[in-house]
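Here is the naming used below: chain letters follow the sequence lines, and residue numbers restart at 1 for every chain. For clarity, every value in this text was computed on a predicted model and none was experimentally measured. Side chains are part of it too, since the values below use all heavy atoms of this structure and drop only hydrogens, waters and symmetry mates.
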Number of protein chains: 2
Amino acid sequence: MGTTQLQTVPEPKYWHLKTVIGEALDSEFAVGEILPNERDLAARFGVARATLRQALEQLELEGRLQRRRGVGTTVAPPRVGVAVEGSRAHSWPGARGDVWQPAGCERGSAPAAVADLLDSEEPVHVVRRTRVSHGRPVAAELLYVPVSSVAELSSIDGPSGPGRARAVLRELQRLGLEGEDRSVELGSASADDARELDRLPGAPVLVVTTRFFAEGRTAAVAVATYRADTCRLTFGDTPHVEIDHRQERRAS
Amino acid sequence: MGTTQLQTVPEPKYWHLKTVIGEALDSEFAVGEILPNERDLAARFGVARATLRQALEQLELEGRLQRRRGVGTTVAPPRVGVAVEGSRAHSWPGARGDVWQPAGCERGSAPAAVADLLDSEEPVHVVRRTRVSHGRPVAAELLYVPVSSVAELSSIDGPSGPGRARAVLRELQRLGLEGEDRSVELGSASADDARELDRLPGAPVLVVTTRFFAEGRTAAVAVATYRADTCRLTFGDTPHVEIDHRQERRAS
DNA sequence: TAGTGGTCTAGACCACACT
DNA sequence: GTGTGGTCTAGACCACTAA
């Protein structure tokens with residue numbers, strides 16, 4: 001009765017599990033190592049598989065685990081730092097040392113959210129690009145370019161492949177870039193993005209939206225989705241060194 | 001046999017549900033409106049509650065729903081754009097129009113990941129700050145300042161409250177700021193963060209890590225966690241206008 | 001074909017916020 | 001108290017990968 005049990009808060013099992021497994025990852029596992037399967041792990045900890053999965057989902061969200069259907073659960077390498085260009089030195093997509101690979105280009109209309117940013121409902125070229133780091137795809141981008149921004153091109157109706165994508169980017173360079181604007185938010189992968197990023201639909205992604213200003217208006221909008229599990233976005237002149245939350249142990 | 005049923009992929013129920021409910025949010029619900037409870041919704045769609053919850057979790061992750069235990073599920077307002085300062089104009093924390101509120105200050109040792117960035121194992125002042133936007137807490141920050149960065153202060157052993165936090169920040173201003181470095185990644189709220197952000201532990205957050213350079217070394221490191229459900233981080237001179245995510249459809 | 005993670009069910013109880 | 005979302009269980013079947 002009188003016992004002031006201030007905070008006997010029953011910590012959720014999955015939260016405790018996450019902590020325990022997280023610590024085990026630090027001390028007993030190397031990067032790339034395969035964990036026991038979910039049914040075994042659940043039995044070992046005396047919980048239902050669903051509960052165990054809740055813990056694993058958290059760890060995957062934090063980039064410490066990687067799970068693949070039909071394969072198993074492995075210890076993920078530290079997140080890779082990915083530089084988001086233009087934080088200080090503005091440049092058009094496709095310029096000089098651009099790390100993005102043009103993948104295709106189609107014509108269509110911008111989704112409502114993008115049309116708002118473009119302040120226009122006019123048709124757009126939609127340039128698809130992908131970004132690869134350390135041999136793995138890390139981001140997929142859709143670049144929306146109003147046809148009026150690259151008027152010279154409008155007569156050309158070639159195939160909608162990488163060639164056309166490059167042509168649109170080339171035309172874009174001719175505009176004087178006056179500034180950029182960027183935002184980052186959490187999203188979930190669309191079916192298209194998921195395919196390009198080698199993830200399941202709904203996987204968490206970091207959505208980087210960039211507005212390019214030229215000739216007094218928004219000349220283009222880029223929506224890039226980065227794999228949230230494997231990427232750390234870096235800004236500024238001096239890229240971060242690798243951050244490692246574990247003890248560095250080599251996989252073999 | 002010969003039928004190339006390329007993609008008769010049975011779309012998961014929760015994915016389909018997410019789409020259906022998402023569209024209903026666009027057309028039939030106003031911001032702040034309360035949805036039917038989970039049991040009713042599950043029954044209405046003819047699925048188990050767990051399946052319905054998977055869909056709601058996705059929508060919450062995308063910032064379109066807000067769920068509170070004991071209350072219900074409401075339609076979330078569009079994400080608020082939160083400016084991350086210093087993308088171009090560098091300044092110390094606590095300077096001029098800093099939007100952060102000092103909450104406390106303690107001494108301790110930096111966690112391993114931060115110690116790596118500081119290139120030092122020495123004791124640090126840990127300044128706690130919070131950030132409020134539109135009357136709601138949106139971010140919690142821990143600012144790690146090695147004692148040697150604010151040597152003048154080391155003799156003062158006052159109470160570890162907001163006053164001391166301000167004192168540390170004041171000392172910091174005296175150093176010449178040479179540059180900053182910033183990274184953004186996905187994380188999950190610690191128990192502490194969760195309390196300050198009015199969320200449950202494990203809630204998704206955007207972790208912004210900032211390094212401050214002065215006198216040829218890393219003079220301080222700030223780790224800020226923003227509510228991923230309600231925030232859109234903006235960089236650059238011109239903050240984004242409100243982005244509305246409804247109709248998130250691909251151009252085709 | 002065997003083994004993995006992904007999806008789904010139909011329950012149960014708990015912590016919390018209101019009234 | 002009543003109703004809400006949060007946690008947990010013990011199953012089942014499916015989709016995928018690799019031997």
Taking the side chain as C-beta and beyond, is there a heavy-atom pair between A:Q66 and A:T73 under 4.5 Å?
-> no
To the nearest angstrom, how far is A:L52 atom CG from D:dA10 atom C1'?
-> 14 Å
In whole angstrom, give the distance that lies between atom CZ of B:R195 and atom P of C:dC16.
-> 13 Å
Just wondering, do B:D192 and B:R128 contact through their side chains at under 4.5 Å, heavy atoms?
-> yes
Distance below 4.0 Å between A:N37 side-chain N/O and C:dG3 OP1 or OP2 | no
Taking only nitrogen or oxygen atoms into account, show me every contact under 3.5 Å that the protein makes with nucleotides 13-15 of chain D, one pair per line with its distance.
{"from": "D:dA15", "atom 1": "O4'", "to": "A:R69", "atom 2": "NH1", "distance (Å)": "3.4"}

Please determine, for the side chain of A:E38, which listed nucleotide (D:dG5, C:dC8, C:dG6) has the closest atom?
-> C:dG6
For the pair B:R164 and B:E106, find out whether any cationic side-chain nitrogen is under 4.0 Å from an anionic carboxylate oxygen.
-> no
Assign B:R53 to base, sugar-phosphate, or nothing according to its heavy-atom contacts below 4.0 angstrom with the strands shown.
-> base
Charged N to carboxylate O below 4.0 Å: is that the case for A:R64 and A:D26?
-> yes
Would you kindly give the CZ-to-P distance between A:R199 and C:dG5, to the nearest whole Å?
-> 14 Å
Write down the distance between CZ (B:R68) and P (D:dT7), rounded to a whole number of angstrom.
-> 16 Å
Before giving the answer on side chain to side chain contact (heavy atoms under 4.5 Å, CB included), spell out for A:H125 and A:Y144 the whole-Å C-alpha distance, their side-chain angles and the decisive distance to 0.1 Å.
-> CA-CA 6 Å; A:H125 298 280; A:Y144 299 93; over 6 Å; no
Does a salt bridge link A:E62 with A:R232, judged by any charged N lying under 4.0 Å from a carboxylate O?
-> no
Identify, with sequence neighbours excluded, every residue that meets salt bridge (charged side-chain N to carboxylate O under 4.0 Å, His left out) alongside B:R129.
-> B:D98, B:E141
Note on DNA chain D: ranges paired as stems (three or more Watson-Crick/G-U pairs in a row, both atom distances under 3.5 Å) are C:1-18 with D:1-18
In terms of side-chain geometry, is the basic nitrogen of B:D229 or B:R79 positioned less than 4.0 Å from the acidic oxygen of its partner?
-> no
Whole angstrom is fine here: how far is it from CG in A:L17 over to C1' in D:dC8?
-> 12 Å
Quickly work out the A:Q66 CD to C:dG6 C1' distance and round it to whole Å.
-> 16 Å
